[in-house]
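Working notes for the structure below.
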Amino acid sequence: MSLPTDLMTQTIAISNQKGGVGKTTTCASIGAALVKKGARVLLVDLDSQASLSVALGQAVHLNDESIADLLDTSPSSGELSPADLIHPTSLPGLDIALGDPRLAVVEHHLPEQTGYEHLLKNHLQSLAAGYDFVLQDCSPSLGPLTIMALTAANQVIVPVQPDYLAAWGIMRLMETIEAVHQRTNPHLQYRILAVMYDQRNTITREMLNRLQQNFNGRIFKTIIGVDTRVRECAVTGEPLLQYAPSTRASKQYLQAAGEYLQWIGSSEG
Ligand SMILES: Nc1ncnc2c1ncn2[C@@H]1O[C@H](COP(=O)(O)OP(=O)(O)O)[C@@H](O)[C@H]1O
Ligand SMILES: [Mg+2]
């Protein structure tokens with residue numbers, strides 16, 4: 001599937017309130033896959049642990065301009081231009097707006113502002129100019145930063161590791177997506193993406209079956225398998241699709257990106 005020619009910038013949130021389920025990997029990999037299909041992509045690191053920024057080779061210093069500065073509306077914060085905030089990665093066409101630990105503080109104060117949910121969406125209008133896709137890597141929580149990311153998003157991709165605990169956690173996320181859909185973003189659509197799938201494990205196979213039944217039509221057909229090259233690439237500062245383009249997970253993420261393009265190209269949502 002190639003890029004639609006008349007594309008408006010699409011904003012995607014990668015979210016799941018559980019940690020270690022493959023959000024950051026999915027964000028970098030789908031982003032890189034869309035670049036390989038000819039798109040210009042901006043990644044937005046919304047996690048105070050800044051794992052996405054670090055994994056893509058960005059040294060994160062506390063005095064660097066980050067998304068935290070963008071969202072900080074205290075009088076002492078100055079004006080920021082997109083150029084201050086956006087950095088290139090090792091893959092041309094893939095840029096990143098950094099996260100940093102101050103996001104935790106900013107998040108704490110966000111609800112003090114009425115309509116805070118729309119803050120990032122408003123900023124993205126100028127920040128995302130010239131990009132085909134914006135991918136937001138959410139933190140492992142359903143707090144104000146995630147609500148804001150879901151409000152700014154056209155689509156949310158939910159990486160789920162098919163195991164028993166993950167299936168429980170996902171119901172709370174579904175409630176949050178439904179609440180955002182009703183309150184601040186009636187256009188929000190979602191899909192589940194099964195990741196880190198280990199087909200040798202019987203329980204995992206059973207859980208994948210259940211996910212596919214429960215989310216029929218709302219789950220990617222592509223499944224991302226466990227792949228040891230994924231862990232290695234974070235050390236190199238390169239996205240997986242650049243570090244190991246022919247490894248199985250790279251091909252699967254490329255296929256998932258194609259499926260994503262089909263999804264947004266179809267009218268049924
Ligand atoms: N398909 C995969 N195969 C093997 N390891 C993976 C895969 N996807 C992610 N990982 C590893 O699992 C860990 C958690 O992934 P990460 O993307 O950081 O999750 P999250 O952002 O949800 O916390 C990382 O060490 C990452 O390298
Ligand atoms: Mg992460």
Side-chain angles (χ1 to χ4, degrees), residues 12-33 43-58 60 66-68 89 94 96-101 103-104 107 135-143 145-146 149-150 153 156-163 165-170 172-173 176 190-201 204-205 207-208 211 219-220 222-257 259:
I12 309 165
I14 313 291
S15 178
N16 185 327
Q17 81 276 22
K18 199 162 175 277
V21 293
K23 289 182 288 297
T24 298
T25 303
T26 298
C27 187
S29 303
I30 300 263
L43 304 177
V44 176
D45 189 346
L46 285 177
D47 189 347
S48 59
Q49 295 190 22
S51 322
L52 181 67
S53 306
V54 174
L56 293 178
Q58 310 289 323
V60 178
S66 88
I67 287 289
T89 70
L94 186 69
I96 182 167
L98 302 184
D100 85 43
L103 273 169
E107 174 161 44
L135 277 82
Q136 313 172 88
D137 185 26
C138 296
S139 63
S141 94
L142 297 175
L145 277 175
T146 296
L150 295 178
V156 48
I157 296 178
V158 181
V160 176
Q161 212 177 339
D163 67 32
L165 287 173
W168 277 104
I170 214 175
R172 270 191 59 219
L173 178 57
T176 304
Y190 77 88
R191 289 283 188 279
I192 308 285
L193 175 64
V195 297
M196 284 192 252
Y197 177 61
D198 179 2
Q199 59 182 357
R200 292 165 307 179
N201 184 314
T204 315
R205 283 209 306 270
M207 289 313 297
L208 179 65
L211 275 176
I219 182 164
F220 281 82
T222 308
I223 293 158
I224 314 295
V226 171
D227 185 333
T228 50
R229 306 303 297 276
V230 176
R231 269 176 218 276
E232 289 170 25
C233 79
V235 185
T236 69
E238 287 175 336
L240 177 71
L241 276 86
Q242 190 180 25
Y243 170 69
S246 53
T247 198
R248 203 172 44 183
S250 283
K251 291 180 185 157
Q252 290 163 337
Y253 272 117
L254 204 56
Q255 195 179 331
E259 222 186 294

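FYI, side chains are in, hydrogens and waters are out, and symmetry mates aren't considered; it's all heavy atoms of this structure. In each ligand, atom 1 is the first atom listed, and ligand 1 is the first ligand listed. All values reported here derive from a predicted model rather than from experimental measurement.
Coordination check, Thr24 versus the Mg ion (ligand 2): passed, since an N/O/S atom of the residue sits under 2.8 Å.
The minimum heavy-atom distance between Phe220 and Arg191, with the atom names listed, is CE1-CB, 3.4 Å.
Atom CG in Leu135 sits 12.0 Å away from atom CG in Asp45 (nearest 0.5 Å). Separation of atoms CD1 (Ile157) and OG (Ser15) is listed at 11.5 Å; rounding is to 0.5 Å.
In this structure, the protein non-hydrogen atom closest to atom 18 (O) of ligand 1 is Thr24 CB, 3.9 Å. If you check which protein heavy atom lies closest to atom 7 (C) of ligand 1, you get Met196 CG, 3.3 Å. Protein heavy atom at the shortest distance from atom 10 (N) of ligand 1 is Val230 CG1, 3.7 Å. Summary of contacts: the protein heavy atom closest to atom 9 (C) of ligand 1 is Thr25 OG1, 3.3 Å.
Assignment of Asp227 to the shell around ligand 1 is supported, since a heavy atom sits closer than 4.0 Å. The shortest heavy-atom distance from Ala234 to ligand 1 is not under 4.0 Å.
Considering backbone and side-chain atoms alike, Thr228 places every N or O at 3.5 Å or more from each N or O of ligand 1. Residue Lys18 has no N or O atom closer than 3.5 Å to an N or O atom of ligand 1. Between Asp137 and ligand 1, not a single N/O pair is under 3.5 Å apart. Among the atoms of Lys23, some N or O lies under 3.5 angstrom from an N or O of ligand 1.
Listed by atom number, the atoms of ligand 1 under 4.0 Å from Val21 heavy atoms are 19 (O), 20 (P), 22 (O). Of all atoms in ligand 1, listed by their number and element, those nearer than 4.0 Å to a heavy atom of Gly20 are 14 (C), 19 (O), 20 (P), 22 (O), 23 (O). For ligand 1, the atoms lying closer than 4.0 Å to a non-hydrogen atom of Gly225 are 1 (N), 2 (C), 3 (N). Within ligand 1, the atoms closer than 4.0 Å to a non-hydrogen atom of Val226 are 3 (N), numbered from 1 in the order shown.
A donor-acceptor pair under 3.5 Å is absent between the side-chain atoms of Gln58 and the main chain of Leu98, judged by distance alone. Side chain of Ser53 to main chain of Gly99: a donor-acceptor pair is present (N/O by atom type, distance under 3.5 Å, no hydrogens or angles). Judged purely by atom type and a 3.5 angstrom limit, Lys23 has no side-chain atom pairing as donor or acceptor with the backbone of Cys138.
Surrounding CZ of Arg172 are at most 12 heavy atoms belonging to other residues, nucleotides or ligands under 6.0 Å away. Atom CD of Glu232 has more than 12 heavy atoms from other residues, nucleotides or ligands within 6.0 Å.
When Ser51, Ser139, Gly22, Ala55 are ranked by how near their heavy atoms come to atom 15 (O) of ligand 1, first place goes to Gly22.
Side-chain contact check for Thr26 and Tyr253: at least one donor-acceptor pair (N or O, by modelled atom type) lies under 3.5 Å.
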